[in-house]
Amino acid sequence: MSPIAAVLSLRPPPPALSAAAALRSISTTLLSIPFQSPFAFSSRVLLPSRLLSRRLPVRAYADGGNGAADSNQFDFDLLTIGAGSGGVRASRFAAAYGAKVAICELPFSTMSADNAGGVGGTCVLRGCIPKKLLVYASNYSHEFEESHGFGWTYEADPKHDWSTLIANKNAELQRLTGIYKNILQNAGVALIEGRGKIVDPHTVDVDGKRYTSRHILLSVGGRPNLPDIPGIEYVIDSDAALDLPLKPEKIAIVGGGYIALEFAGIFSGLKSEVHVFIRQKKVLRGFDEEIRDFVLEQMSLRGIEFHVEETPQSILKSTDGKLSLRTNKGTVDGFSHIMFATGRRPNTKNLGLEDVGVELAKNGAILVDDYSQTSVDSIWAVGDATDRLNLTPVALMEGGAFAKTVFLNQPTKPDYRCYMCIACLNGRLPVIFDNYLGVLSMLQFDRAVPSAVFCQPPIGQVGLTEEQAIQEYGDVDIYTANFRPLKATLSGLPDRVFMKLIVCANTNKVLGAHMCGDNAPEIIQGIGIAVKAGLTKVDFDFTVGVHPTSAEEFVTMRNPTRKIRKETVPAVAKLFELNLGWRNKILPSLKGLAVHMGPLLNGDPDFFYSIRRVEEAVAKPHLWAQSVPFFLTTRRLVLRFHGCITESWNLEGIADGLFLPFPFEQDSTPRSTSRSASIALSPNTSMTASTKRSRPSQRLAGSLEAAIEGARSEMELKGGVLDARILIGKKKEKPLCRIGILTENRQRRNLRWQSDENCARRLEKAEQRRREIEKKSRGGKWWNRWPAIYERGLCARIYFDFTVGVHPTSTEEFVTMRNPTRKIQKEIVSAVVAFFPKAINRYGRFDLYFFKRPIMFLLACFIGKERRQDRISRISIISTSSRSS
Ligand SMILES: NC(=O)C1=CN([C@@H]2O[C@H](COP(=O)(O)OP(=O)(O)OC[C@H]3O[C@@H](n4cnc5c(N)ncnc54)[C@H](OP(=O)(O)O)[C@@H]3O)[C@@H](O)[C@H]2O)C=CC1
Ligand SMILES: N[C@@H](CCC(=O)N[C@@H](CSSC[C@H](NC(=O)CC[C@H](N)C(=O)O)C(=O)NCC(=O)O)C(=O)NCC(=O)O)C(=O)O
């Protein structure tokens, strides 16, 4: 029995079965299904191709395949090299899961070197934390300026003492490294101080002493990467910039990325003269274009001079110690410091990796699979050393996922994406189960890792940029707000705030949110949860604003600044062009074809199905001659050639058990000698072509080709085709098959596979099931529209937990609170009891046990235990398919 069938067949036990036995049987059913987080998708669901590009194939992690041997033969179960964010997280979680763990780290120093590092790693000692402290320090100057408009005067200009700042910052780093040592100690992780080097797949040498371990984790981070140009020895990197003995008077910062802009803000705020040299026209490559323009303008207004399209060629030092930067456009003199923030590279040299066969990318990044395993089974890697998404919260996520995979026997992939839950569909669409015990499927969508740049003003972003959204979705609505914040009205400063929402025009889903302005990092964390959860613009609109804040703009952007549609037609046309050779052209391109369902109007969210087993069909192209995939629904169904070339739409398997097997499963022997094909591209246009006594594979393609060709001009003329209907079949004679992609309910009767009774029966059965499900989920009392309500209620916590933090912010705590401070059981019980009026009438009072397992966010077992008799009186399974929910 498939897991789905298992779920569907779970019913309250028949009366003959004792309650206890029933409970046992349920538990057995539940326990026999391996745990899988509802978010840990099967390996078929792909991570963004960018992230995957350098990865190794996914392997299985059954014990024994983990490079495991008998753990007693090793000193440790896990030896981690590098006590940064990812390493500490993985080690302490592994220890909490019962592993014997050691972590190896170099002695503390504010500057990293071959013989210096420190527990805490880049984030705590040379990155996020010291950087943010310096950002705080520098922000004051702007606030002093602002304060005049609010009535403040100062007898003398406030003075800043750099040495006090650096001394206090260093004291804090000492404190933090101490805290992290304690965290490790309290978790039972042994700290080995020294430089670790891998000797063999299970042995690490730390300064001459050898330790063996069942698993080795590399979390060695990254180092600043400087180009090899003359005079590079005179420049500083970000490590040094955080620990300068004197504040720079005039500094050149080379680079236009996160680090360059953050330090430009720091030094400018502290009143250094700052020049930023970028080799492009704009800063922050990869960010939303409008954000790139806006931040450049705002930072310029705060006194930073940008030198665009200037590539550094050499650095010269004069006799008075001053530095000059020579670029392709000329030379700028008189710098006290020149800082290069030109990226970071994985810190993987001299670790013995090549000798034991750990595969590395060209830039030295450790190649890992989706579970962070390297090419050597017992060696794993997380964090910047793998060069996936180089952010602290991502390293934490990867470290946590690694520990679960290896030491909790729960294969877990770090999860970089957002979800769109089918259950969010206003309770009116059929239920889709995934492979795991009835948990509603969550379709994984695009990137949803929020992040921030702590420049001044700061940036917060999550999801897609406008450019990416257009590329992936074609039709998008762009909402923007560019306003003068309330504070600037009295301060008189030219500060502005820019905010932007990118919305999929078809699904109404918010694909991306971007902000540049005060508090953007703190604000974007909350928006990140919404994007992760796949919320729609309607959800944003229905959220009440917090007034007066900048953040409220995210929920009050009513009219799109622009609607981008033009990409749709070429995208569809492109597919039809591909169509001209069904077998050779369309089949490969169908890999990513998606069908878009649901009304487009009135803000209803809708969703996408993939064409199931497309790959199977591609492997057997002859079946395709007469097989166009179809989807059945009572609802308007719109075939949409969305992102047909992107693999992100490959959601194979999602529709398991609900929709019919697709026609290509059928026998393809031609039994009929004539075919007709018609294609309708709008309600009024339908083109038909027929062929007689022909081999279907070629002729049908020819017919369609003609039909499509004729209809395409119409489609293009319409300038934004939404629907495409395809009917292939024979009209008068008994058709071999009639396959439809339908747009109207009333046409459903056409959808029959008349030559195959089996298929018709299955069709009927599925229809029936679908009708039942729909009946349940429609109308009636509001709680019978379970999906929306259930989903939003119960899954909300999951969305919080699975949203990546924006680090370091205060609001990241909202998504990293793991254990409840207190649980108020009474209230839960009374809320749940409300669902059991019959039990209350009958027993008066009863105890209620609520089993809520991670595997069953939506499947809970309630047991009413009659108090007096101590007898279990009712077992209810509250599942997504049950009305009693
Ligand atoms: N707030 C946060 O979350 C922070 C995150 N980080 C992480 O650390 C990583 C490293 O940051 P960063 O060092 O800023 O790297 P980035 O990759 O973000 O930026 C590097 C910049 O240097 C430029 N550059 C690269 N090589 C040269 C060269 N030879 N000459 C001139 N310019 C050059 C790049 O230009 P071009 O665009 O033309 O390639 C780019 O503007 C980031 O990717 C980020 O993941 C770092 C700091 C803060
Ligand atoms: N809270 C989040 C983030 C914590 C985090 O990112 N920690 C980083 C370093 S943050 S650096 C040190 C960290 N500070 C913070 O977490 C400060 C972030 C806060 N949200 C803010 O902005 O104020 C801290 O421990 N402060 C204690 C103190 O000050 O007493 C890390 O390396 N973690 C490894 C691990 O957790 O295993 C989480 O649990 O996921």
Side-chain angles (χ1 to χ4, degrees), residues 80-93 103-113 116-136 169-184 187 189 191 217-225 237-243 257-259 261-263 266 341 343-347 381-402 414 449-455 458 521-522 525 804-813 815-816:
T80 302
I81 305 182
S85 298
V88 168
R89 175 63 52 102
S91 302
R92 65 189 182 92
F93 278 27
I103 193 165
C104 144
E105 178 56 72
L106 291 161
F108 172 80
S109 166
T110 51
M111 301 273 287
S112 61
V119 174
T122 306
C123 164
V124 178
L125 306 177
R126 286 171 290 280
C128 318
I129 298 302
K131 172 267 312 271
K132 182 106 187 254
L133 292 174
L134 265 58
V135 168
Y136 281 131
K169 183 263 303 176
N170 285 343
E172 173 59 9
L173 298 193
Q174 288 282 5
R175 188 185 74 88
L176 284 174
T177 195
I179 283 178
Y180 271 79
K181 281 183 183 172
N182 284 340
I183 288 174
L184 289 171
V189 177
L191 176 63
L217 175 68
L218 299 161
S219 48
V220 288
R223 291 275 175 81
N225 187 30
D237 59 22
S238 58
D239 283 10
L242 285 168
D243 209 27
Y258 282 80
I259 296 180
L261 294 201
E262 289 177 347
F263 278 88
I266 289 169
R344 294 172 64 84
R345 65 176 155 67
N347 180 28
V382 296
D384 290 5
T386 61
D387 196 21
R388 286 176 275 185
L389 268 178
N390 299 333
L391 300 167
T392 296
V394 172
L396 296 176
M397 176 168 70
E398 290 166 358
F402 154 79
V449 175
S451 72
V453 188
F454 292 90
C455 47
E522 300 285 352
Q525 180 69 78
V804 176
V806 177
H807 187 66
T809 61
S810 298
T811 44
E812 73 180 317
E813 301 302 324
V815 296
T816 56

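Everything numeric here is computed off the predicted structure, so don't read it as measured data.
- Summarising the geometry of V804 relative to P393, their closest heavy-atom pair is CG1-CB, 3.4 Å, with the distance given to 0.1 Å.
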- request: Might you work through the side-chain contact (heavy atoms from CB on, under 4.5 Å) test for V382 and M397, ending with a clear yes or no?
  value: CA-CA 9 Å; V382 296; M397 176 168 70; over 6 Å; no
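- Residue N390 holds its CG atom at 10.0 Å from CZ of R388, rounded to the nearest 0.5 Å.
- Nearest heavy-atom pair, C123 versus P130, reported as atom, atom and distance to 0.1 Å: O-CD, 3.7 Å.
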task: Applying side-chain contact (heavy atoms from CB on, under 4.5 Å), run through V815 and Q525 and close with a yes or a no.
output: CA-CA 8 Å; V815 296; Q525 180 69 78; 3.7 Å; yes
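- The side-chain heavy atoms of D243 and N170, taken from C-beta on, include a pair separated by under 4.5 Å.
- Shortest non-hydrogen contact noted between G399 and R89 is C-CG, 4.3 Å.
- Side-chain atoms of E262 and S238, non-hydrogen and from C-beta on, never get closer than 4.5 Å to each other.
- Looking at T80, its side chain never comes within 3.5 Å of a backbone N or O of I103 through a donor-acceptor pair.
- Rounding to the nearest 0.5 angstrom, the gap separating the CG atom in L133 from the CG atom in L173 is 7.5 Å.
- With R92 contributing its side chain and A187 its backbone, the two residues share no donor-acceptor pair below 3.5 Å.
- In this structure the side chain of T177 reaches within 4.5 angstrom of the side chain of L125, judged on heavy atoms.
- Applying the side chain to side chain contact (heavy atoms under 4.5 Å, CB included) test to L176 and every residue at least two apart in sequence or in another chain returns V124, I129, E172, I179.
- With hydrogens and angles ignored, the 3.5 Å screen pairs no side-chain donor or acceptor of R126 with any backbone N or O of R223.
- Between the OG atom in S112 and the CG atom in D237 there is a gap of 7.0 Å [rounded to 0.5 Å].
- Shown here for G222 and T122, the closest heavy-atom pair between the two residues is O-OG1, 4.3 Å.
- Between the side chain of Q174 and the main chain of K169, no donor-acceptor pair closer than 3.5 Å is present.
- A donor-acceptor pair under 3.5 Å is absent between the side-chain atoms of S451 and the main chain of V806, judged by distance alone.
- Here OG of S85 is found 6.5 Å from OH of Y180. Values are rounded to the nearest 0.5 Å.
- Of the inter-residue distances, the one linking L191 atom CG with E105 atom CD reads 8.0 Å to the nearest 0.5 angstrom.
- A salt bridge does not link R345 with D387: none of the charged nitrogens is closer than 4.0 Å to a carboxylate oxygen.
- Looking only at side-chain heavy atoms (C-beta outward), T809 and F454 come within less than 4.5 Å of each other.
- A donor-acceptor pair is defined here as one N or O able to donate and one able to accept, closer than 3.5 Å; such a pair exists between the side chain of N347 and the backbone of V220.
- Of all the heavy atoms in I259 and A341, the pair that sits closest is CG2-CB, 3.8 Å.
- In this structure, CG on L389 lies 10.0 Å from CG on D384, to the nearest 0.5 angstrom.
- When every heavy atom of P346 is checked against every heavy atom of A385, the shortest pair comes out as CB-O, 3.6 Å.
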